[in-house]
Structures are given as C-alpha cells and as structure tokens.
Number of protein chains: 4
Amino acid sequence: MPRRQDVSETRKNQILDAAMAVFARSGFHEARMDDIVQESGLSKGTLYWYFKSKEEIITAISQRLFATDIEQVEGLLRAEGTVSERLQQLIHDRIQGLQDMSGMVAILFEFYAVALHQDGVRQFIKAYFQNFHELLVALIEQGIERKEFRPVDALAAATALDAIFEGLIVRWLIDPEAVQWASLGQAAIRLLLDGLKQE
Amino acid sequence: MPRRQDVSETRKNQILDAAMAVFARSGFHEARMDDIVQESGLSKGTLYWYFKSKEEIITAISQRLFATDIEQVEGLLRAEGTVSERLQQLIHDRIQGLQDMSGMVAILFEFYAVALHQDGVRQFIKAYFQNFHELLVALIEQGIERKEFRPVDALAAATALDAIFEGLIVRWLIDPEAVQWASLGQAAIRLLLDGLKQE
Amino acid sequence: MPRRQDVSETRKNQILDAAMAVFARSGFHEARMDDIVQESGLSKGTLYWYFKSKEEIITAISQRLFATDIEQVEGLLRAEGTVSERLQQLIHDRIQGLQDMSGMVAILFEFYAVALHQDGVRQFIKAYFQNFHELLVALIEQGIERKEFRPVDALAAATALDAIFEGLIVRWLIDPEAVQWASLGQAAIRLLLDGLKQE
Amino acid sequence: MPRRQDVSETRKNQILDAAMAVFARSGFHEARMDDIVQESGLSKGTLYWYFKSKEEIITAISQRLFATDIEQVEGLLRAEGTVSERLQQLIHDRIQGLQDMSGMVAILFEFYAVALHQDGVRQFIKAYFQNFHELLVALIEQGIERKEFRPVDALAAATALDAIFEGLIVRWLIDPEAVQWASLGQAAIRLLLDGLKQE
DNA sequence: AATGAATGAGGATTCATTCAT
DNA sequence: AATGAATGAATCCTCATTCAT
C-alpha cells in the first residue's frame, strides 16, 4: 500500500499550486494566508503543518519555479541540427514557456525583488541563470568548433544572449505592446546570432 | 519670498532621499514609515504633511528615478563623433550612473514588481524605456544613414540593445560576480555593436 | 505647561493598573491583551505604544509590585520602641498590606512561577526578599545589642522570620481557613520571636 | 493476564514523567503538548488516549506530586527517639527529598499558581499541607506530653514549623544562594525547635 | 492501542494613518 | 508647518484537540 506514502508530497504541491495562483493574482504582500487556505481547499492548520511560514512557501515556490531541467539541457547539446537552429529552438521554447505561464510571469519580479532580501530565493534564481548561461556557452563553443560561428568570445556572447533574453522579458512585462515576441523579440535575438555567424 | 517654496522642496527631497535609502535596504514592504521617519530626521506628522501615503512616496520616487533627461538625449543626437563612439559613450555613462547609485539599484526590482499592480508607477517606467529606446533607434538610424552601420532593422537593433542592457542589470543584481561590467558587460554590448557595423 | 510632561507616566500607570486588575482576575495566561485594553479604556495601539509586549507588562508590574520602600525600612531602624515591638509592627503592617491588596495576592504565585523562566522578574523579587531580609537582620542585631534578645545567630533568625512569613502566605493562599492571620498567623510568628527573647 | 493493566500503567507514568520534565523546564503554559509527545517518545494520539486533556495531565501530576505517604507519617509517630530528634529527621528527609528532585521543584510554583484557578489541584495541595501539618501537631503534642517541650500552643508551633519550611523553599527557588539548606536552612529551623524546648 | 495528519478558533502583534495641540 | 501620541483594522501564526486509518 504505497498509496499513503506521498500524501505529504501531494499536500505540498496542493499548497504550492494554490499559493502560486494567489500570488500571481495579488502579489506576495497582498496575498493573505487565508487566500491560500481558501484556494487550496485545505485548512489553515494544514498549511502550517507543511510550511512553517509564508516566507517558506515563497522560497519553496521559487525553488520549483527556478528548477533546472538538466535532461533537457543535456539533450539539446547532443541534438541534431546546426547550433544556430538549436539556439533558435531553445529561445523559441523558452518564449513558449513564458507565454504558457503568462499569468505567473508577473510574480517573476516579485521573486527578483525578494531575492535581494532573502538569500534562499536568490540562490535558486542564481543557479537557474547560471545553468542557462552555461548551456549557451557550451552551444556557442560548439558553434565555433564547427566553424558555424566566428571565433568570438563565447562567454561574452552567451552573456549577451541571456541578457537580451532577460531584458526582453523585463520590457515585455512593463510594456507588452513594445515587445511582440513573434516579430520584434525574435528579430532582436536573431540579430545577435547573425553577428556571430561566419560570413 | 520664493524661499518658502524651497523649504517645501527641500523637505520633500529630504523625505524621498530617506525613503530611497530605506527602500533599497529593506524593500518596499519591509520598510516601515517609522524607518523613513527616522532616516529623514523629520517627524511622522511632517512626512504625512508632504506625502499623503506610503504609496505616494513610492510613486514620487519612481517619478524621480525614471525621469528622462531630454536635454541629454537631444544633445547626444547632435554631438560630434561617430555613431558607434556615441553609443559607446551612452552606454558607458549609464553603467557609470548605475555604479554611482549601486546601493539604490536594488529598488529597481521593487519598482518593476510594483509596476504590475500600480499603474502610475508603470507609466513612468514605460516612458523611461520608450525614451531610451527611441534614442537608440534614432542613433542607429543615423548610423545607417551615414553608412557606419549595415542597413539592419533599426527597431530590432535598438530593442536588442536596450534589452541587453536591462538584462545585464537583472543578472548583475542576482549574481554580481557573474557580471563584471568593465569586462564582460562591455564585451557583450560591443559584440552586438560590432554586428551592426559595415564590414 | 508642565501638565503635558507626564502623560507618558500617567498612561503607563493606567495600563499597569488595568493589567493588574485583569491578571488578578484571570491569571497571566487567561488574560487577553484585549481584556487589558478594555479595562484600561485605551486602545490596543496605545498599549503597544507604551509596552512592547505582554511580557513587558508583566515585568513592569513585577517591578512595581516588588519595589522596595527604602524610606520605610530606614525609618523602622531608627524608630522608637523595643525591637520586639517594632518587629511586631513590621509584621502587622505587612499582613495589613497583604489584606489590603488581597485581590492581587493571587498573582503573587504567577510571578513566582514566571520568575523561574524570566530573569527580569526574578531579579525584582530577589531584591525585594533581600531587602526585607536585611532589615530583619539589622533589627535582630539591634535587639541583641540592646540585650533584648539572646545572642542568637541573627542571620538564621532573620531567615527563619521571613521564611515563616512567606510560608504563611503560601499556606493562606492554598487554604485560607487554615491561616487566620489575626490569631494563628500572629501566634506562630510570636512563638519565634519569644524564642529570641532574653529570659 | 494482569500484564495488560501494567502496560496501561506504564504508559501513564511514561507520559507523566515526560510531562513533569517538560513542565519543570518550560512552565505549564510554555510547555506544548508536542513537547511532551517528543519527550515521552510516544505519539500524540497515545497521549490523548490516556489523558483527555492537558489539564488532566496537570491534575494527575499534582495528585502524584502531592500524594501523602500515610505509612511514613504513622511510622514516625510511633518511632523511637526523642520528639526533637524525630522532627529533625522529618525535616532532614524532606530537604533530602527536595534536593533529590531539585529539577522538578520549579513546577511547585506552577501548581500553586494553577491551584488558584483549578480547584482539583488545590484540593491535592491542601490535603498535602494538612497532612503534614497534622503530623507536626501530633509530634509536638507528643513532645509536650513527654515534657520535652514547653506547654506551647501546638497548633501555632506546627503552623510556624511548616510555614518556615515552605517559606524556605520559596526563598530558595527565587534566590538559591541565599538559602544554603545544610547550614542556614537547618539553623533557622533549629532555632524554632530550640524555642520549643523545656529549659 | 496506536498513529500523526488535519483542524480552526483564538490571540498577540504590527503599522499605516489620523489629529489634537 | 510641525509634532508624536493615539488608533484599530488587519494579519500571521499557534496549539490543544480530533479522528480516519
């Protein structure tokens, strides 16, 4: 009967799901524990049975949100196709991901803001950034090896790429009309990629 | 007697300076009005004499922080030198500006987060972004006209440039070691600029 | 206009008076801050403006309750009459004092219990005991000098006297009928005093 | 199969032992049921299987703590030796008892405080006091009969004796250094006994 | 008998804002 | 203009107790 084993895991997820929904709707500070209680369908006591404070819930969500999918990353490195194509694919996937969870993106900044005061959160985000960054470095190096790209500074190029990506998100959240992902966003990123290519 | 006016202006600045310091240190929500009172050296009553709520203080700071210096912008468009040089200069100035107020940069995220819930704040930031963006577009177009740059999509190029800039700030705040402005940051930006140049 | 000077002192006393009444009625733990608020006629905010926690109120009361009246003590040492008479007087006064505040005596044990976990409280009580003890020692030594008393161990005699006193209070609180102060209590204490006298 | 019964008894004792330890450490109100659960090594459900509330545990402990050992008492009345010797012995035994459970003595005050609000507890303590008191009365009367003591008021003398004893405990708990049982405590008690003796 | 997850009423404390002076 | 004491609604969290298994 291992059915009972993971009630605990189920409950935690139930709580985190509810919390994310509430946070996305109201922001961290406007969100009341009671809202999460209601959204989750559990009781207040149960919430505190699994997480000992609101802060702990926030941290847990950040952990989940900024979890890095190593498999996907490794897969991409060994996948077929030109590096350029795979970079495009990677970026496309990420944009897709953002749009899928567009309701949640709003809390991204809440997390960035929290990160500056709560180190646990900062670490998760940092790891996430690093991970993405390293993947880009590896891909770009592959591109240089294969003579697809000019022998640029891979580190700088990767830094530029993930900065551009992150920057577009910022701009998008503040001014959605200014960043039409399908057109302008893609074009901006392509511009950089084109600069890398071997003429 | 325009001196009267000044006292009022002085007080407001005194309050906003104090508030910025406190906000940068603790974030908007952890910051207590009492903290600002203490930091400012004024009394609680005086605070509320000049600003009728915490929100109003936040809005006032965002207005100040995201004020656009039209003069500087226009000047840059008419300045001497190659477009490339002037872009480098612009970026260099901004990095300098960031580093000068490095303690304050932390509140940037607070504002971004707030912007999603408070439209007044969003408008200031949006205008600021747009302004910078338009300047970049104009400069790049100038570069294209003068044959310094290839005939790229100026809009996309500007979008890429300001995204890269904003993205580097995000990364920097979360992981300061990862972004050494003087080296990596500059290199990343130059990479993009190089891509624009006429070969 | 010094009228305003001691609003602060007035408020604090107002709060402590209310708190004592409530504590005597309900005990420390049953007493709700709201009860004190109501009893004091002030607002919750005001309570917390003057005392930053329930614990602080308890400590402040203990300080007030176990304050030692040095003047009275010194006076007694220089007063006229035989030492024996003055000891009787001292004890009589204390019994009187207890009976006057009989409603409050109930919280004595609350304080003793708290003292074991809260050092601030313990110190006040300790000082109070020591003060009373030293007075007894001085009086008994005076009695020995004046040949009213036998050359007993003044320290031991004083210890016995204040122990007997404290012990009677304990017994009284648990079993009021068993200790009729006017008769049995006095008799018990006199018995000890008689043992001290020069035959 | 009376062994069953024993398990039940064992469990109850296990719980009460744990509860006493926790109560002595933290006081009744700071002590959490969870602390007792942990200390006992049992589960929360089991605790509530044997005692239906925290109050019931407290009452059970008071019953245990203030149980009167009739046998010992009766024995002492019929024992050999002078009354004075036996009183000394009695007091010595009690002091010994206190010192053996010195860690637990702290909860004495908790019980005294509780007694004022919870009548069940008060009755146990009252009976305990009365029992001790009656024993003292009987012993002193024996002493008077046997001409060991002066024809004092036995009731008053006994009251004085148990008050002194209880008072010393109070003083000791608040200020351990002030009451060195072996010296000062004994001396104080002896002083009273000496006063009773036939010259 | 035993477990421990679940409950929710209850309580201490905070803090933006007001207002008499 | 300036002060700072006063307010009280709002909120997080605790913890004794229950109950399905």
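Chain A is the first sequence line, chain B the second, and so forth, proteins listed ahead of strands; every chain is numbered from 1.
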**Protein proximity profile, nucleotides 12-17 of chain E - base contact B, sugar-phosphate-only contact S, no contact -, cut-off 4.0 Å on heavy atoms** = SBBSSB
How many Å lie between [atom1] on [X] and [atom2] on [N], as a whole number?
X     : N      : atom1 : atom2 : result
D:I36 : F:dC15 : CD1   : C1'   : 12 Å
A:I58 : F:dC12 : CD1   : C1'   : 13 Å
A:K12 : E:dA6  : NZ    : C1'   : 16 Å
C:L47 : F:dG8  : CG    : C1'   : 12 Å
D:I15 : E:dA2  : CD1   : C1'   : 11 Å
C:F51 : F:dA5  : CZ    : C1'   : 15 Å

**Message:** Whether the B:E9 and B:N13 side chains hold a donor-acceptor pair (N or O, under 3.5 Å, no angle test) is what I'd like checked.
**Reply:** no
**Message:** Under a 3.5 Å threshold, yes or no: a donor from one side chain and an acceptor from the other, between D:Q38 and D:D34?
**Reply:** no
**Message:** Taking side-chain contact (heavy atoms from CB on, under 4.5 Å) as the criterion, tell me which of A:E56, A:M104, A:M20, A:E110 meets it with A:I61.
**Reply:** A:M20
**Request:** Determine which pairs satisfy salt bridge (Lys or Arg N to Asp or Glu O under 4.0 Å) with at least one residue from residues 12-24 of chain B, sequence neighbours left out, and list them in order.
**Result:** B:D17-B:R64
Would you say [X] reaches [N]'s phosphate, i.e. side-chain N/O to OP1/OP2 under 4.0 Å?
X     : N     : answer
B:T46 : F:dT3 : yes
B:W49 : F:dA1 : no
C:S43 : F:dT7 : yes

Min side-chain heavy-atom separation [X]-[Y] under 4.5 Å:
X      : Y      : value
C:L173 : D:Y112 : no
A:E30  : B:H117 : no
C:V170 : D:F129 : yes

**Request:** Please measure how far the P atom in F:dT21 lies from the corresponding atom in E:dA1, and state the result in whole Å.
**Result:** 23 Å
**Asked** In which ranges does DNA chain F form stems of 3 or more consecutive Watson-Crick or G-U pairs, distances under 3.5 Å?
**Response** E:2-21 with F:2-21
**Request:** May I ask you to check whether A:F109 and B:F111 place their ring centers less than 6.0 Å from one another?
**Result:** no
**Prompt:** Does C:Y50 or B:R11 map to a spot on DNA chain F nearer the 5' end, using the closest nucleotide for each?
**Reply:** B:R11
**Asked** Does the D:K44 side chain pair with the main chain of D:M33, one donor and one acceptor, at a distance under 3.5 Å?
**Response** no
